[in-house]
**Student:** 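Take this structure first; my questions come after.
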Amino acid sequence: MDISDLLNNLNEPQREAVAAPPVHQLVIAGAGSGKTRVLAHRIAYLVRTGEVSPQGILAVTFTNKAARSMRDRIETMLDMPVRQMWVGTFHGIAHRLLRSHWQEAGLPQTFQILDSDDQHRIIKRLLKQMELDEARWPPKQIQWFINGQKDEGRRPDHVDHHNAPFEEQMVRIYAAYEEVCKRSGLVDFAELLLRAHEILLHNKNLLDHYQRRFQHILVDEFQDTNTIQYAWLRLLAGDNNPLFAVGDDDQSIYGWRGAKIENIQRFTKDFPNTRTVRLEQNYRSTGTILSAANALIENNSDRLGKNLWTDGSDGELILLYEAFNDLEEARYIVNSIKNCIDKGIPRNEIAVLYRSNAQSRVIEEGLLRSAIPYKVYGGMRFFERQEVKHALAYLRLISNRNDDASFERVVNTPTRGVGEKTVQMIREQARAYNITLWQAAQQLLDDKQFTARAGNAIQAFMYLIEEMAVETKDMPLHDITEAMLKTSTLIASYEKDKSEKARMRVENLAELVTAARQFEHEEDELSELDSFLAHAALEAGEGQASEYEDPVQLMTLHTAKGLEFEHVYLTGLEEGLFPHRMSMDEPGRLDEERRLCYVGITRAKQQLTISYANVRRLHGNEQYTQPSRFISELPKEYVQEVRIKRQAAVASTMQIETASSNGFQLGSRVAHVKFGEGTVTSSEGDGAHARVQVNFDDIGSKWLVIAYAKLQIL
DNA sequence: AAGATAGTCGTTTTT
DNA sequence: CGACTATCTT
């Protein structure tokens with residue numbers, strides 16, 4: 001592809017952005033306007049024109065998925081692998097910097113990354129140690145505080161607590177937490193960013209080096225950057241390197257976790273002579289959907305301003321459905337989905353979006369009853385599962401004995417007679433001498449402080465780790481993993497438990513070996529093992545493996561950002577739910593809710609259906625609701641109300657309720673993903689507890705909870 | 001050391 | 001209501 005090919009299939013503003021001279025650029029890219037395309041084309045253009053070599057490029061995204069797709073697109077366009085190009089997430093790139101310069105960063109070479117669950121555990125342990133009451137100092141809140149401070153670039157001694165006792169205590173905990181991390185060689189997500197910023201800030205040589213190297217810096221989803229990310233970008237850009245920022249202020253929906261929409265708003269002030277380009281032509285949605293979205297977002301203040309338009313047709317009106325209650329809302333959606341499927345729309349082109357996860361349940365139950373395959377996004381990811389984290393903890397100890405978080409996790413998992421009392425002793429020793437748990441245990445052993453039984457148990461654990469380390473020394477990664485699972489008896493302990501849960505865990509551990517086998521180690525200064533462990537922490541993997549090839553998509557509005565579907569159901573548009581009541585007092589937060597709604601609307605390609613219920617069951621009690629203000633912000637001419645007779649609606653609601661006790665008829669044939677086919681022999685309970693007994697052809701009879709088993713009626 | 005039971009709390013989530 | 005946790009029970 002030569003340069004004209006690169007530019008020919010772009011529209012005017014896209015081309016303007018891609019072929020711009022090497023100056024700062026702010027590309028305000030509306031939903032569906034081809035922003036990833038522009039980003040990838042810009043990079044290909046820079047390389048192809050010889051403006052910069054691949055290693056002179058730094059391209060930053062927020063998610064691993066975005067980073068992968070960006071690299072893929074660039075490589076396709078340039079028709080060559082571009083290994084020297086730095087394309088990655090903020091965290092991934094920060095990690096890479098810290099690995100290369102661990103000494104300057106003041107980290108041990110084998111430092112490990114904490115995910116938020118690890119962080120939570122450490123904080124809880126710390127509170128115990130400091131004898132603070134969890135009720136008064138909720139670990140979640142402390143986590144929030146620490147990460148928030150780090151996101152703002154503040155170390156404990158930078159926090160201005162102006163003699164407020166609460167804040168003062170928070171800072172003390174923050175400082176103590178940092179101590180623990182430092183001792184154990186642990187780095188949390190926010191720390192990756194903060195430290196990557198600090199090493200550049202404090203090392204003139206390093207900064208010079210990277211400023212010389214990265215002649216072009218490109219950032220995706222710029223509206224989501226937080227303070228430290230922005231500072232880091234500014235530092236790297238320096239006075240000479242143009243920054244190419246792509247984003248959409250109207251899609252900023254992560255303010256609540258530190259993203260600063262101000263960063264995109266003040267970009268042109270901070271970076272002088274910035275060229276601003278607006279991508280407003282939308283290639284995704286119908287004219288109707290775009291007009292509605294434009295009208296909605298008009299209600300926000302402080303926008304950079306933008307109006308989406310399309311070449312295509314107006315399409316169908318937006319459907320608005322008023323349901324009697326949440327069950328009836330679900331019933332309507334499920335019926336409507338059935339119609340879509342009958343019309344030939346692929347199931348995975350149909351999405352049900354909601355503000356909060358709790359809303360998925362009624363929808364799921366409805367889909368289950370109609371035997372429509374679906375997939376719920378969100379929830380536990382692969383590398384976050386308990387058994388996988390146990391396994392990773394063993395691997396981490398092989399690499400670094402001082403990893404306290406991992407030590408705590410598996411010192412008695414599977415149980416090997418190291419009781420709470422013994423662990424407590426070790427913790428106290430560690431604190432008294434300011435050493436790690438491993439070192440403390442060693443000391444106590446040397447001093448013969450344990451009772452014979454406890455001593456033997458802890459000794460056995462430590463031998464086990466040492467033995468694993470020796471045994472696996474020169475093994476390839478998947479052999480290390482397999483050996484670890486065996487030697488630690490982790491897999492055996494799950495195998496002897498006959499429950500369904502344990503069976504899944506064994507499967508996941510087997511999957512971990514597969515993941516290890518498939519892991520591609522790009523040789524840098526990291527060992528294959530450390531590299532894999534970093535990968536596991538930075539990329540938590542897929543959620544539930546998709547059991548069907550083509551399921552209806554269920555997810556929160558946040559998760560839906562960046563995706564598109566033929567038919568979108570926007571559900572639960574009720575005051576208090578969406579906009580959420582927690583966001584209604586501050587105008588800034590309400591604007592963010594509105595942006596979330598904007599994101600939801602603009603996910604739809606052909607048809608959008610909005611629904612709300614008059615009565616919703618939430619936290620066990622029924623609440624009367626008002627339609628969301630966002631509904632009234634949509635111009636009437638784009639919306640068509642769907643009416644069904646109220647009596648019919650109530651009647652069918654009751655039908656649902658009776659049907660829910662037994663959606664599966666006795667004697668009907670069903671299929672289960674793991675157990676194969678079978679016959680329903682009995683049932684009991686209703687709602688989420690509804691269970692059916694199925695006599696499977698292969699493995700015999702089993703009780704299954706309908707809500708989980710995802711049975712398909714044959 | 002696993003299992004039962006009482007108590008709490010209830011947006012959004014990636015890295 | 002129901003998921004999750006802390007604490008008590010065997």
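Every chain is numbered from 1 and lettered A, B, ... according to where its sequence line falls, protein lines coming before strand lines.
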**Student:** Run the numbers on Glu221(A) and Gln223(A) for side chain to side chain donor-acceptor pair (under 3.5 Å), then give the verdict.
**Tutor:** CA-CA 5 Å; Glu221(A) 305 278 17; Gln223(A) 76 284 352; 2.7 Å; yes
**Student:** If a protein heavy atom is under 4.0 Å from the base, mark B; if only from the sugar-phosphate, S; if neither, -; do that for nucleotides 4-15 of chain B going 5' to 3'.
**Tutor:** ------BBBBBB
**Student:** Any carboxylate oxygen within less than 4.0 angstrom of a Lys/Arg side-chain nitrogen, looking at Arg617(A) and Asp326(A)?
**Tutor:**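 No, no charged N to carboxylate O under 4.0 Å.
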**Student:** Using a heavy-atom cut-off of 4.0 Å across all strands, would you classify Arg581(A) as base, sugar-phosphate, or nothing?
**Tutor:**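 Result for Arg581(A) = nothing.
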**Student:** Going by heavy atoms in the side chains, are Lys389(A) and Phe383(A) under 4.5 Å from each other?
**Tutor:** no
**Student:** When you check every protein heavy atom under 4.0 Å of nucleotides 5-10 of chain C, what one-letter string (B, S, -) results, 5' to 3'?
**Tutor:** -S----
**Student:** Check this for me, if you would: do Glu593(A) and Arg629(A) make a salt bridge, where the nitrogen-to-carboxylate-oxygen distance has to be below 4.0 angstrom?
**Tutor:** no
**Student:** Expressed in whole Å, how much space separates the P atoms belonging to dT5(C) and dT12(B)?
**Tutor:** 15 Å
**Student:** One thing to verify: whether Lys140(A) and Glu134(A) come together as a salt bridge, which I'm taking to mean a side-chain N less than 4.0 angstrom from a carboxylate O.
**Tutor:**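 Result for this pair is no, no salt bridge flagged.
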**Student:** Should Arg121(A) and Asp117(A) count as an ion pair when the cut-off is N to O under 4.0 Å?
**Tutor:**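 Answer for the salt bridge query: yes.
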**Student:** Could you work out the separation of dA6(C) and dT11(B) based on their C1' atoms and round it to a whole Å?
**Tutor:**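 After rounding to an integer number of Å, I get 25 Å for this pair.
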**Student:** Anti or syn, where syn is a glycosidic angle within 90° of 0; which label fits dT12(B)?
**Tutor:**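 Nucleotide dT12(B) adopts anti.
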**Student:** Figure out the CD/P separation between Glu365(A) and dC1(C), and round it to whole Å.
**Tutor:** 14 Å
**Student:** Below 4.0 angstrom, N of the basic side chain to O of the carboxylate: do Arg616(A) and Glu622(A) qualify?
**Tutor:**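 No.
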**Student:** May I ask you to decide whether Arg331(A) forms a salt bridge with Glu328(A), counting only side-chain N to carboxylate O separations under 4.0 Å?
**Tutor:**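 Looking at Glu328(A) together with Arg331(A), the answer is yes, because their closest N to O distance falls below 4.0 Å.
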